[in-house]
Colleague: 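Sharing a structure with you now.
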Amino acid sequence: MSEKTSVADKAVAAGFAAGWTLVPYLPQKPTAAAFRFMADRVWHRRGRSVRRLESNLSRVTGLPVGSAELGEITRAGMRSYFRYFHEIFRLPSMDRAEVVRRTHVTGAEHVHDNVAAGRGVVLALPHMGNWDQAGAWLVGVGHPFTTVAERLKPESLFRRYVAFREGLGMEVLPLTGGDGHNFGTLATRVRRGGVVCLPAERDLTKSGVEVRFFGAVTKVPAGPPLLAVQTGCALLPAIVYFDGDDWGIDIHPEVPVPAQGTRQEKVAALAQGLADVFEKGIAQHPEDWHMLQRLWLEDLTR
């Protein structure tokens with residue numbers, strides 16, 4: 001790692017440490033306004049991440065890059081993204097009953113009924129809204145769960161994120177650098193009737209499954225559909241978004257494993273089924289989709 005990158009990573013880690021230390025003790029409205037101001041500043045500068053978000057949202061909305069309407073959606077997207085960070089700094093100090101009360105959920109029965117019947121559940125979701133808050137809601141209604149986290153740099157930031165999520169009641173497995181048995185651990189959890197939550201619209205492993213997504217090809221993680229094929233657990237797509245000052249979660253019915261086909265064909269069918277649900281949810285809440293990276297295969301070569 002270069003010295004420049006190392007300094008930048010340390011600065012980011014220090015910023016997160018300050019956020020978790022200070023923000024919970026400051027008034028909510030002024031700090032929320034400060035995060036919106038920072039989001040607007042970043043949007044006005046139109047750096048690489050903002051331009052990528054705008055390009056991604058252009059695929060979602062069909063609006064041309066550079067149009068005023070798309071620009072406003074992108075601005076709302078940056079505000080949504082910064083709201084996520086403001087909220088995660090406050091989340092550890094929030095009353096769990098308040099988190100549950102302010103989370104408006106449709107389809108919760110799909111989780112409750114399967115778990116009550118002793119059947120494991122995999123909740124698959126895109127990077128939307130405040131997925132950590134959604135996890136706090138899930139724990140708050142009686143379903144502690146296991147998830148996998150991308151290994152952030154520097155290591156101190158990754159450890160803080162893990163500690164934050166464990167403090168909310170999650171079991172966190174590192175995507176890389178762990179014992180190498182993540183899939184086996186996840187399979188064990190759902191075979192015992194537990195719940196697993198996994199991000200599922202961006203492949204970070206280079207071994208993803210190709211799907212059609214907003215009219216172009218991308219790769220999504222193979223893990224969620226493969227768990228359903230291998231273990232018989234319920235694969236439930238979930239859409240997470242901001243609902244005014246509160247939060248919304250739409251938990252969709254199970255994507256069923258096809259009765260016929262090879263394991264590879266079944267995994268591909270489930271992956272496409274997830275992508276289809278994600279497509280509709282993101283189209284309904286485009287400003288809450290926090291995709292600031294390249295996603296579609298044709299964009300990866302540009």
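Scope of the values below: all heavy atoms of this structure, side chains included, with no hydrogens, waters or symmetry mates.
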Colleague: Is the positively charged end of Arg59 above the ring of Trp296, judged by distance under 6.0 angstrom from the centroid and angle within 45° of the axis?
Modeller: yes

Colleague: Using the rule given for side chain to side chain contact (heavy atoms under 4.5 Å, CB included), can you reason through Leu138 versus Val195, listing the C-alpha separation, both sets of side-chain angles and the distance that settles it, and then say yes or no?
Modeller: CA-CA 10 Å; Leu138 188 60; Val195 178; 4.0 Å; yes

Colleague: Looking at Arg102 and Asp245, is there a salt bridge between them, counting it only when a charged N and a carboxylate O are closer than 4.0 Å?
Modeller: no

Colleague: Any salt bridge linking Glu171 with Arg189? Criterion: basic side-chain nitrogen under 4.0 Å from a carboxylate oxygen.
Modeller: yes

Colleague: With Pro286, which of Val60, Thr74, Leu70 fulfils side chain to side chain contact (heavy atoms under 4.5 Å, CB included)?
Modeller: Val60

Colleague: So, are Arg75 and Glu287 salt-bridged, with charged N and O less than 4.0 Å apart?
Modeller: no

Colleague: Give, for atom CG of Asp250 and atom NE2 of His285, the distance between the pair rounded to the nearest 0.5 Å.
Modeller: 6.0 Å

Colleague: Looking at His290, Arg202, Gln293, Glu201, which hits side chain to side chain donor-acceptor pair (under 3.5 Å) with His127?
Modeller: Glu201

Colleague: Side-chain contact, heavy-atom cut-off 4.5 Å: Leu292 with Met78?
Modeller: yes

Colleague: Flag this pair as yes if the NZ/CZ of Arg83 is under 6.0 angstrom from the six-membered ring centre of Phe242 and inside a 45 degree cone about the axis; otherwise no.
Modeller: yes

Colleague: Classify the angle between the aromatic ring planes of Trp20 and Phe89 as parallel (below 30°), tilted (30 to 60°) or perpendicular (above 60°).
Modeller: perpendicular

Colleague: Parallel, tilted or perpendicular, judged at 30° and 60°: which one describes the rings of Phe85 and Phe16?
Modeller: perpendicular

